[in-house]
Amino acid sequence: LFNMSSSIAARVSVEVPDAELAATGSRYDYAPARDGAGAISASGTVVGPTPLDGLSSPFEVEIAPYAATVVLVDSVTN
């Protein structure tokens with residue numbers, strides 16, 4: 001998931017039709033480093049994994065300005 005806004009965080013809804021999702025997963029986030037004026041000053045780093053819980057379809061994810069987020073949903077065991 002990508003947020004192309006340079007100044008506004010995005011709250012997005014993710015829906016996976018016709019799939020049973022596990023209630024848990026993890027996320028990895030990346031955003032470039034910014035200087036005091038907010039301009040991109042260097043490559044960023046990946047943060048994560050950060051645990052997620054309470055997942056279902058749809059679920060919401062907040063993405064920082066000008067950032068990318070990868071969400072991994074744990075496998076469902078029957």
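We number each residue from 1, following the sequence as shown.
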Given side chains that start at C-beta, do those of [X] and [Y] come closer than 4.5 Å, heavy atoms only?
X: Tyr66; Y: Ser5; answer: no
X: Val61; Y: Arg27; answer: yes
X: Ser13; Y: Phe59; answer: no
X: Leu52; Y: Val71; answer: yes

Examine distances only and state if a side-chain atom of [X] and a backbone atom of [Y] form a donor-acceptor pair shorter than 3.5 Å.
X: Tyr30; Y: Ala67; result: no
X: Ser57; Y: Val16; result: yes
X: Asn3; Y: Ala64; result: yes

Rounded at 0.5 Å granularity, tell me how far [atom1] in [X] sits from [atom2] in [Y].
X: Ser56; Y: Glu20; atom1: OG; atom2: CD; value: 11.5 Å
X: Asp53; Y: Thr24; atom1: CG; atom2: OG1; value: 8.0 Å
X: Arg34; Y: Ser6; atom1: CZ; atom2: OG; value: 6.0 Å
X: Met4; Y: Ile63; atom1: CE; atom2: CD1; value: 11.5 Å
X: Leu55; Y: Glu60; atom1: CG; atom2: CD; value: 12.0 Å

| query | Looking only at heavy atoms, which two atoms of Asp35 and Ser41 are closest? And how far apart? | reply |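 That would be N-OG, 3.6 Å.
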| note | Between Pro65 and Ala9 the two heavy atoms that sit nearest each other are CG-N, 3.7 Å
Establish whether [X] and [Y] are linked, either directly or via other cluster members, by ILVMFWY side-chain heavy-atom contacts under 4.5 Å.
X: Val14; Y: Leu21; value: yes
X: Leu72; Y: Val46; value: yes
X: Val12; Y: Phe2; value: no

| Is there a donor in the side chain of Thr69 and an acceptor in the side chain of Asp29, or the other way round, less than 3.5 Å apart? | yes
